[in-house]
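The structure appears right after this line, and notes come after that.
Fair warning: this is a prediction, and the values are worked out from it, not measured in the lab. Start at 1 with the first residue, then count along the sequence.
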Amino acid sequence: HGVWMQTADAPTPDGEDIPPTPFTIVSRNIRGLTHHIDEVLAAGNDVTALQETDVLETDVTWLQARARAKGYSLHSAQTTGISRDGVTRRGRRTAILVKEPAKPKIINDLDDPTCQALEATGRWIELLIPLHDGDASFILTSAYGFAGASAGGDDYVANETFIALLAARAAQRRRAA
């Protein structure tokens with residue numbers, strides 16, 4: 001899924017108009033960022049929300065370095081279990097990749113119970129991403145639900161709770177606007 005936005009014309013210091021350029025936002029279920037990082041970077045999108053990243057904790061630093069080397073910053077959700085038992089392997093489930101020079105900011109309110117609950121899942125990240133020279137910005141959330149939720153049981157309950165938390169967080173944003 002992707003969104004294409006066109007940025008406004010802007011005059012150069014000598015008064016010449018610079019033609020508008022596209023700004024791309026893509027959401028992608030990546031099924032293993034470690035194996036697909038070069039492909040994602042080569043796509044050249046301005047912002048990519050990534051789900052099902054399944055990045056081992058030991059690989060986070062080199063993936064961030066790889067992104068930086070290509071002119072991007074990589075921001076991941078909190079560490080969580082990425083194996084079925086939730087214990088054997090730990091890592092990151094979702095992330096947001098942002099093309100420089102944008103300097104995104106984490107805007108989670110650590111005193112807010114909704115943010116605390118979302119952070120604890122390790123399946124949510126939210127960033128404030130500036131456009132151009134910071135005169136405008138947008139909030140982007142990347143979230144990854146629970147595999148197996150459609151079969152019912154505990155995963156279904158966890159997923160429904162997660163969705164309710166996401167809706168509550170979105171409602172907080174509407175009130176703040």
Side-chain angles (χ1 to χ4, degrees), residues 1-5 24-41 43 45-64 66-67 72-98 104-129 137-177:
H1 298 76
V3 175
W4 183 86
M5 298 187 310
T24 53
I25 304 169
V26 172
S27 178
R28 186 164 173 200
N29 187 330
I30 197 71
R31 188 83 172 124
L33 182 59
T34 305
H35 302 293
H36 300 286
I37 185 69
D38 291 326
E39 173 189 333
V40 174
L41 292 168
N45 296 306
D46 293 291
V47 179
T48 305
L50 299 158
Q51 301 82 40
E52 201 173 359
T53 56
D54 294 339
V55 172
L56 290 172
E57 196 59 28
T58 55
D59 291 336
V60 171
T61 302
W62 82 260
L63 283 168
Q64 289 171 332
R66 182 69 156 217
Y72 285 84
S73 59
L74 178 64
H75 307 269
S76 299
Q78 296 297 313
T79 302
T80 190
I82 61 173
S83 56
R84 185 70 183 137
D85 66 10
V87 178
T88 308
R89 294 182 307 137
R90 300 202 42 86
R92 312 296 176 98
R93 286 280 191 186
T94 188
I96 300 175
L97 189 66
V98 181
K105 296 179 185 163
I106 295 173
I107 55 172
N108 307 348
D109 179 355
L110 299 179
D111 294 325
D112 176 67
T114 301
C115 284
Q116 290 171 356
L118 285 165
E119 285 270 338
T121 68
R123 295 168 172 271
W124 170 80
I125 184 170
E126 182 176 81
L127 296 176
L128 177 68
I129 302 173
S137 60
F138 65 96
I139 295 169
L140 182 66
T141 299
S142 184
Y144 177 59
F146 290 80
S150 61
D154 292 342
D155 288 335
Y156 175 81
V157 173
N159 207 56
E160 291 296 305
T161 301
F162 185 56
I163 292 168
L165 288 166
L166 290 168
R169 181 66 176 158
Q172 289 173 338
R173 288 285 167 232
R174 264 196 303 278
R175 286 193 303 270

What are the two closest heavy atoms between [X] and [Y], and how far apart are they?
X	Y	value
Gly122	Arg93	O-CB, 3.6 Å
Asp155	Ala149	O-CB, 3.7 Å
Pro104	Leu127	CB-CD1, 4.0 Å
Ala67	Leu74	CB-CB, 4.1 Å
Glu52	Asn29	OE1-OD1, 2.6 Å
Thr53	Ile30	CA-CG2, 3.7 Å

Rounded to the nearest 0.5 Å, how far does [atom2] of [Y] lie from [atom1] of [X]?
X	Y	atom1	atom2	result
Ile106	Leu128	CD1	CG	11.5 Å
Tyr156	Glu160	OH	CD	4.0 Å
Arg28	Leu33	CZ	CG	9.5 Å
Arg169	Thr141	CZ	OG1	7.5 Å
Arg89	Thr58	CZ	OG1	10.5 Å
Leu118	Asn108	CG	CG	8.5 Å

Does the side chain of [Y] come within less than 4.5 Å of [X]'s, by heavy atoms?
X	Y	result
Ile82	Glu57	no
Leu41	Leu97	yes
Phe138	Ile25	yes

(request) Begin with the C-alpha distance, continue with both residues' side-chain angles, and end with the deciding distance and a verdict on side chain to side chain contact (heavy atoms under 4.5 Å, CB included) for His35 and Asp54. (result) CA-CA 10 Å; His35 302 293; Asp54 294 339; over 6 Å; no
(request) Assess the side chains of Arg90 and Thr80: does a donor N or O sit below 3.5 Å from an acceptor N or O? (result)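 Judged by distance alone, the side chains do not pair up.
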With a 3.5 Å distance limit and no angle check, can you tell me whether [X] reaches the backbone of [Y] through a side-chain donor-acceptor pair?
X	Y	value
Ser142	Leu50	yes
Arg123	Gly145	yes
Asn159	Phe146	yes
Asp109	Asp111	yes
Asp112	Cys115	yes
Thr24	Asp46	yes

(message) Check this for me, if you would: do Asp59 and Arg92 make a salt bridge, where the nitrogen-to-carboxylate-oxygen distance has to be below 4.0 angstrom?
(response)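 Answer for the salt bridge query: no.
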